[in-house]
Amino acid sequence: LAALFEKERPRLEPLGVSAEATSRLIAFLEKLKAWNAHTNLISFTDDEELFWSHAVDSLMVLSLAGAAASARAIDVGTGGGFPGMPIALARPDWRVTLLDSVGKKVDFLRAAASELGAANVDALSGRAEELARLPEHRASYDLAFCRAVGNFSVVLELTLPFLKTGGALLAHRGEDGPDEAGAAASALTLLGGAFRNNFSYRLPHRDKTRHILRVEKTAPTPDAYPRRAGMPAKRPL
Ligand code: SAH
């Protein structure tokens, strides 16, 4: 892993990933591999895959996020910590909440954050549908991230309630990303969001184009959303 990071330095530097952040990120990925050997956190294949599809893919968010200092951010359905943990390590000035409904994943993230001394990370277990109704979380974040959690309107319902008006969702999507933004037009209006732009990229040795969609929170989300746990995925808006 360290060799891969060294070799790909020119790709990481423009994203603002410091040498210090890089060494913490390597330490995080090594911990993830070690835990994953006994607790199922991610489907791990090899270091190349971990580097490109998890670390670098996560960090691509930084190409859209601008330099906004001291943002409060939430990663909804973070799993083994993606994209939230690499972002948090690269941006120690942001406060990043990593949310997942699976307790053992959150236990790992909490332990890893503490061992790495990542004081800007909070790991939280629970369902987005429930957390987004609590006053300390609702309309409280400047940024939301979400990767591989469901179809785009599910992602919108699970993330937009967390954002302050003026905040932004930076959502990883696969090759159909731009079409999904169009198809979710009515969900966007309903939830108080507006599609702003799309960042497209490719990762080496992978043939499919990836996208990060930026959605701005333009109005408060009505109280009816998110619907009760399970409903967003069962009956997407
Ligand atoms: N974002 C990670 C993990 C994707 S797998 C990555 O890209 O690698 C989807 C994750 O979302 C799982 O860990 C699952 O537990 C979590 N999840 C799904 N629905 C959720 C919900 N409603 N609230 C919180 N977490 C959820």
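When a ligand or atom number is given, it counts from 1 through the structure's own listing order.
Residue Leu158 comes nearest to Pro232 through the heavy atom pair CD2-CG, 4.0 Å, listed as atom of the first residue, atom of the second, then distance. Closest of all the heavy-atom pairs between Lys164 and Ala139 is CG-O, 3.4 Å.
When the heavy-atom distances from atom 3 (C) of ligand 1 to Ala132, Ser58, Ser53, Gly77 are ranked, the shortest goes to Gly77. Heavy-atom proximity to atom 8 (O) of ligand 1, evaluated over Glu130, Arg147, Arg127, Met85, is greatest for Arg147. Of the listed options Pro226, Ser101, Ala229, Ser43, Ser101 places a heavy atom closest to atom 20 (C) of ligand 1.
Comment: Arg206 does not engage Glu175 in a salt bridge, judged by the lack of any side-chain N to carboxylate O separation of less than 4.0 angstrom.
Remark: minimum distance from atom 23 (N) of ligand 1 to any protein heavy atom is reached at Ala128 N, 2.9 Å. For atom 12 (C) of ligand 1, the nearest protein heavy atom (residue, atom name, distance) is Asp100 OD2, 3.5 Å. Shortest contact from atom 19 (N) of ligand 1 to any protein heavy atom: Val149 CG1, 4.2 Å.
In summary, the atoms of ligand 1 found under 4.0 Å from a heavy atom of Gly79, numbered by their order in the structure, are 3 (C), 13 (O). Less than 4.0 angstrom separates some heavy atom of Lys105 from each of these atoms of ligand 1: 12 (C), 13 (O). Short contacts between ligand 1 and Ala148, defined as distances under 4.0 Å to a heavy atom of the residue, involve ligand atoms 4 (C), 5 (S), 7 (O), 9 (C). For ligand 1, the atoms sitting less than 4.0 Å from at least one non-hydrogen atom of Val102 are 15 (O), numbered in the order shown with element in parentheses. Close approach to Gly126 involves these atoms of ligand 1, each under 4.0 Å from a residue heavy atom: 23 (N), 24 (C). Distances below 4.0 Å separate heavy atoms of Glu129 from the following atoms of ligand 1: 21 (C), 22 (N).
A donor-acceptor pair shorter than 3.5 Å cannot be found between the side chains of Arg95 and Asn120. One side chain, Thr22 or Arg9, offers a donor N or O that lies under 3.5 Å from an acceptor on the other.
Proximity of Thr78 to ligand 1, defined as any heavy-atom pair under 4.0 Å, is confined to the backbone N, CA, C and O atoms. Of the heavy atoms in His172, none comes closer than 4.0 Å to ligand 1.
In this structure, Thr209 contributes its side chain and Arg202 its backbone to no donor-acceptor pair below 3.5 Å. Looking at Asn36, its side chain does come within 3.5 Å of a backbone N or O of Leu41 through a donor-acceptor pair. Ser63 places a side-chain N or O within 3.5 Å of a backbone atom of Met60 that can act as its donor or acceptor partner. Between the side chain of Glu157 and the backbone N or O of Arg227 there is at least one donor-acceptor pair closer than 3.5 Å.
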